[in-house]
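One structure is given below, encoded as structure tokens.
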Amino acid sequence: MVKPFIIGTRNSGEFLHAGAKILKEGGTALDAVEAATRLVELNPNDTSVGLAGIPNILGVQEMDATIMCGKTRNSGAVGALKGFKHPISVARKVLDDAPHVLLVGAGAERFAKAMECEEGDLETELSRKVYKAFIDDAFDDEGVIDESQKWVVKYAKSQNLKKWYEKLADEHHGTVNIMAMDADGNIASAVSTSGTALKFPGRLGDSPIIGAGNYCDNRYGAAACTGMGELAIRNSTARTLIHYMENGLNPEEAAILSMKDIHDLSAVGGMNCIVMDNKGNTTSATTNPDRESVHWYYDVDMTEPEKRIGINVNP
Ligand code: GLY
């Protein structure tokens, strides 16, 4: 019998307390991952998830999130969601109450309002400052940005947009991944992000796409991604990781192979993953040879999360 536990990426170690508390009280993995993700979404110092998230190219914050239940493989996802404090809880409502898996934009907002999800302004002084810094850094030609922001159209038409985004490739995104197993052996996984900095309006990354940025299945485990979402979409990275485990690889072997799949694309940008199996083994990996791959582990007998170092997968 595996001890209930929760794991998360990046700076989420301290936020795992909320999920661990739920697991210690006999709660579900789904509730645990949602609770921990909500805390990350509320962190005003984290400019890539929820409050203070980096805006799109027009200065508008558009949030993506998914939550998945490994027992039923029921899933809820929202994309390009504006004006709600907890994208992960809107995704949870989709999982619990909608006849659909993925809602985006105005439809997602209509649904969230109908479900009485908490509305809120996610913009902060910090997010405005970071946006301005990105814009200042991204454009050498100040004349490009005109008052009406019609320059976005100009860039798209002139086909410079793709090249321009390559400049932003690796550092300009962040995402939180959290997954857990409860006392019944059920697994759940959650992902939330404001997406790539200065993304084109309406752009969805891997985070709201089940199978790309998030997947779990009680029979095998869970996997989720951070990094340049387009790469995880192209490889269905989260589902593929589970597929590798289904075919007998352990989490480390699966993580290494999936990061090699990303290298095989020979594309600009990096990818990172976090993986657990249903025996309680966990790992994380990155395509970046220089960045430390970190995840945090917290089981019900612990009082603090434990930092675990993952694998660098070189090209
Ligand atoms: N992985 C987050 C994104 O690309 O939006």
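As the structure lists them, so they are numbered: ligands from 1, and atoms in each ligand from 1. Computed from a predicted structure; not experimentally measured.
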> Quick check: does Thr193 get an N/O under 3.5 Å from an N/O on ligand 1?
Replying inline: no
> Quick one: which ligand 1 atoms are inside 4.0 Å of a heavy atom on Gly195?
Replying inline: 5 (O)
>> Quick check against the 3.5 Å criterion: does Asn218 have a side-chain atom that pairs as donor or acceptor with the backbone of Ile187?
In response: yes
> Counting from 1, what ligand 1 atoms have a heavy atom of Ser207 closer than 4.0 Å?
Replying inline: 1 (N), 2 (C)
>> Give the atom numbers and elements of ligand 1 that come within less than 4.0 Å of a heavy atom of Gly227.
In response: 1 (N), 2 (C), 3 (C), 4 (O)
> Is there a chain of hydrophobic side chains (I, L, V, M, F, W, Y, each step under 4.5 Å between heavy atoms) that links Val300 to Trp296?
Replying inline: yes
> Are there more than 12 heavy atoms of other residues, nucleotides or ligands under 6.0 Å from atom CZ of Arg128?
Replying inline: yes
> Would you say Arg203 contacts ligand 1, with heavy atoms under 4.0 Å as the rule?
Replying inline: yes
> Is the shortest distance from a heavy atom of Gly213 to ligand 1 less than 4.0 Å?
Replying inline: no
> Going by the atom numbers of ligand 1, which of them fall below 4.0 Å from some non-hydrogen atom of Asp206?
Replying inline: 1 (N), 2 (C), 3 (C), 4 (O)
>> Could you work out, with side-chain hydrogen bond (donor to acceptor under 3.5 Å, both in side chains) as the rule, every residue matching Glu25, not counting sequence neighbours?
In response: Lys21
> Can you list the atoms of ligand 1 that are under 4.0 Å from a heavy atom of Thr175?
Replying inline: 1 (N), 2 (C)
> Under 4.0 Å between a Lys/Arg side-chain N and an Asp/Glu carboxylate O for Glu62 and Arg203?
Replying inline: no
>> Per the salt bridge (Lys or Arg N to Asp or Glu O under 4.0 Å) rule, what does the pair list look like for residues 33-44, sequence neighbours excluded?
In response: Glu34-Arg92
>> Can you confirm whether or not the ring centre of Tyr298 sits under 6.0 Å from the ring centre of His17?
In response: yes
> Atoms of ligand 1 less than 4.0 Å from Thr196 heavy atoms?
Replying inline: 4 (O), 5 (O)
